[in-house]
Asker: 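First the structure, which I've put down as structure tokens, then a few questions once you've had a look.
Residue indices begin at 1 and follow the sequence shown.
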Amino acid sequence: MSCSQSKLEQARAYEARESAQIPAQSRPQFHLTPWVGWMNDPNGFCYYNGAYHLFYQYHPYDTVWGPMHWGHASSTDLLHWTHLPCALAPDSPADEKGCFSGTALPLEDGRLMLLYTGVQENEKGEVRQLQCLAIGDGVDFTKDSQNPVIGESHLPEGASAVDFRDPKIWYEDGLYQCVVSTRDAKDQGCILLYQSADARRWEYRTTLDTCRNEYGKMWECPDFFPLDGRQLLLVSPQEMAGSPDGEFHPGFGTVALLGHYDKTTLRFTREAVQAIDYGTDFYAPQTVQAPDGRRIMIGWMQNWATVNDTPRRQKWFGCMTLPRELSVQNGRLYQRPVRELENLWKSTVQHRETLNGRAVYEDMAGRSFDCTVVLDTAASPDCRRFALHFAEDARHSTRIEWDAVRGELVFDRSLCGTRCDMPHIRRVKISPQDGKLSLRLILDGNCAEFFVNDGAYAFSAIVDTPPEADGISLHSDGAALIDVTYHAL
Ligand code: FRU
């Protein structure tokens, strides 16, 4: 048996054996978790042979980051996932220090192509991140003998081979194309465009955009696609500075650059910049185009800045967000949980009232639900503050609050049960839309995602709360006309 087989086979035997020890109740129901061990970025999100496939950055042997493998899962509804054998192990000279993030492309001949970052050390012992190719049948992949297919010599002048990673591949106008991130000579994150006729011989074409020392430094995990008449460049910047309106928080961020792309000149012109997610736990999102045309995004529901302080409670760690449908409305990126979620609604409860003080509804409690509260701000001029608390009991509570005086949405998980001194609060300037403020919260165990104003703002957060804390309460300071719709999941 060659060395390359043994690392992958070792990982496959380990995950099949050890995952059997993990109780299903220890996992969220609809958020993908690693089969065993550690998960970070989504990789290779694609629709292939009648199912969605999602790969992920994976260290099966521990619940902390380590030598990167690619884990693998598939789903027909984007909500129930089946784990599949580990797809890549760091077992070839081009990727012996890790198989970092990348993407997948179904080929016309029925095979699936993966383009990913291989980490290696050169003769001088310096780390190099270069782009590698693997092709397979959706379960087993063969790495290309010419790896890396995009090497150091393919970098433009001044660009870094130490930070050169996360290729996103697509096929268009008879060419394989990919974007890859790197740092330029001024230490600015930037996105390079490559093209190839055969996916093996690539040429650098242009630099699509850079952080311009404004949106973080190194940009990770780019995605680049047209949507609703715009071109979107999604990036995950390191070392972001916070902004006074709460649009950007310091540290690891996620940013959408909306603009136009001229395919003849290969010029991307940016017109608007916004955060993708405003919560505490969201990074490295990746998109796929579904067979019905929807552009669907999924992200890693964690944060590099705090991940090592977060307690490990199981033999798995890390999860993905719910997949979200993207659209551009009024020049803004909107996100809504995939409509498949509606098939999981078990019951529907509705309440409409004018609330002044606190309300708890007997038919609304749990840790697995999809709940929308619409506050009629136009009809509630005296409402100074309105809040939804969840995962609540006498000792625990997580709060989503609308501060009408400041025009701010506040998320606060400091009382969720955490014992870690890390950022637990996010504040973002948000205005009601057409006299209403809507909050849609989806809770799946410890995974909370909420969407404000029908997807104009998305927040993702992990709450470290014991499962027994299943209360939901509503609070208003001043009369608030509200409409509540609750579906157990
Ligand atoms: C982003 C990232 C990627 C890299 C991967 C390594 O979270 O740093 O840039 O490919 O994680 O696991």
Side-chain angles (χ1 to χ4, degrees), residues 240-251 253 272-282 329-335 351-361 364 371-392 396-416 418 422-443 448-461 463 471-486:
M240 284 285 289
S243 60
D245 56 2
E247 179 70 24
F248 302 107
H249 60 263
V273 183
Q274 65 169 92
I276 302 175
D277 192 285
Y278 298 83
T280 48
D281 299 283
F282 185 85
Q329 289 172 231
N330 306 321
R332 220 187 134 72
L333 175 64
Y334 273 64
Q335 302 166 57
H351 295 279
R352 182 181 164 83
E353 70 164 300
T354 300
L355 178 72
N356 201 347
R358 174 169 184 269
V360 174
Y361 303 114
M364 272 175 52
C371 177
T372 299
V373 182
V374 180
L375 167 67
D376 192 331
T377 49
S380 313
D382 298 333
C383 173
R384 289 172 291 277
R385 258 199 328 255
F386 174 78
L388 167 68
H389 295 191
F390 63 96
E392 186 168 58
H396 308 98
S397 182
T398 293
R399 179 167 66 104
I400 304 169
E401 183 173 287
W402 161 244
D403 182 332
V405 181
R406 289 167 174 258
E408 251 177 23
L409 206 282
V410 184
F411 169 74
D412 184 352
R413 63 168 183 190
S414 16
L415 301 180
C416 74
T418 178
M422 55 171 70
H424 294 303
I425 302 179
R426 295 274 193 250
R427 295 173 176 278
V428 185
K429 293 271 176 229
I430 289 182
S431 313
Q433 237 171 31
D434 305 323
K436 301 228 161 103
L437 185 97
S438 78
L439 292 176
R440 179 177 178 191
L441 167 65
I442 293 139
L443 187 65
E449 284 172 80
F450 63 97
F451 301 85
V452 183
N453 291 347
D454 202 17
Y457 297 80
F459 293 70
S460 308
V463 292
I472 300 171
S473 61
L474 299 172
H475 305 253
S476 172
D477 174 5
L481 176 60
I482 54 167
D483 252 302
V484 184
T485 310
Y486 174 91

Asker: Return the set of residues passing side chain to side chain donor-acceptor pair (under 3.5 Å) with Arg358 (not counting sequence neighbours), or none when no residue passes.
Answerer: none

Asker: Go through the structure and list residues passing side chain to side chain contact (heavy atoms under 4.5 Å, CB included) with Ser438, not counting sequence neighbours.
Answerer: Val374, Asn453

Asker: Within the distance-only criterion (no hydrogens, no angle test), does the side chain of Ser380 pair as donor or acceptor with the backbone N or O of Leu481 below 3.5 angstrom?
Answerer: yes

Asker: Would you say Arg399 and His389 are linked by a side-chain donor-acceptor pair, where the criterion is simply a distance under 3.5 Å?
Answerer: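 No - no donor-acceptor pair under 3.5 Å links their side chains.
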
Asker: Partners of Arg384 by side chain to side chain contact (heavy atoms under 4.5 Å, CB included), sequence neighbours excluded?
Answerer: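 Expected list: Val405, Asp477.
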
Asker: For Arg385, does the CZ atom have more than 12 heavy-atom neighbours from other residues, nucleotides or ligands under 6.0 Å away?
Answerer: no

Asker: Counting N and O atoms only, with roles assigned by atom type, does the side chain of Ser460 sit under 3.5 Å from a partner on the main chain of Gly279, one being a donor and the other an acceptor?
Answerer: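 Checked: no pair found.
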
Asker: Look at the side chain of Gln335 and the backbone N and O of Asp277, then say whether any donor-acceptor pair between them is shorter than 3.5 Å.
Answerer: no

Asker: Any chance you could measure Leu441, atom CG, to Phe451, atom CZ, to the nearest 0.5 Å?
Answerer: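 Separation between the atoms: 9.5 Å.
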
Asker: Measure the spacing between NE2 of His351 and CG of Leu474 and express it to the nearest 0.5 Å.
Answerer: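 So the gap between those two atoms works out to 9.0 Å.
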
Asker: Can you name the one residue among Asp376, Leu388, Leu355, Leu439 that meets side-chain contact (heavy atoms from CB on, under 4.5 Å) with Ile482?
Answerer: Leu355

Asker: Between the main-chain N or O of Gly435 and the side-chain N or O of Thr377, is there a donor-acceptor pair closer than 3.5 Å?
Answerer: yes

Asker: Quick one: pull up CG in Asp245 and CD in Glu408 and give me the separation to the nearest 0.5 Å.
Answerer: 9.5 Å

Asker: Atom SG of Cys383 and atom CG of Leu437: how far apart are they, to the nearest 0.5 Å?
Answerer: 9.5 Å

Asker: Indicate yes or no for a side-chain donor-acceptor contact from Gln274 to the backbone of Arg332 under 3.5 Å, with no hydrogens or angles considered.
Answerer: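 No; judged by distance alone, with no hydrogens or angles, the pair does not exist.
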
Asker: When the ring centroid of Phe411 is compared with that of Phe459, is the distance short of 6.0 Å?
Answerer: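 So the answer is no for these two rings.
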
Asker: Using the side-chain contact (heavy atoms from CB on, under 4.5 Å) rule, take Phe450 and Leu409 through it: C-alpha gap first, then chi angles, then the decisive distance, then the call.
Answerer: CA-CA 12 Å; Phe450 63 97; Leu409 206 282; 3.8 Å; yes

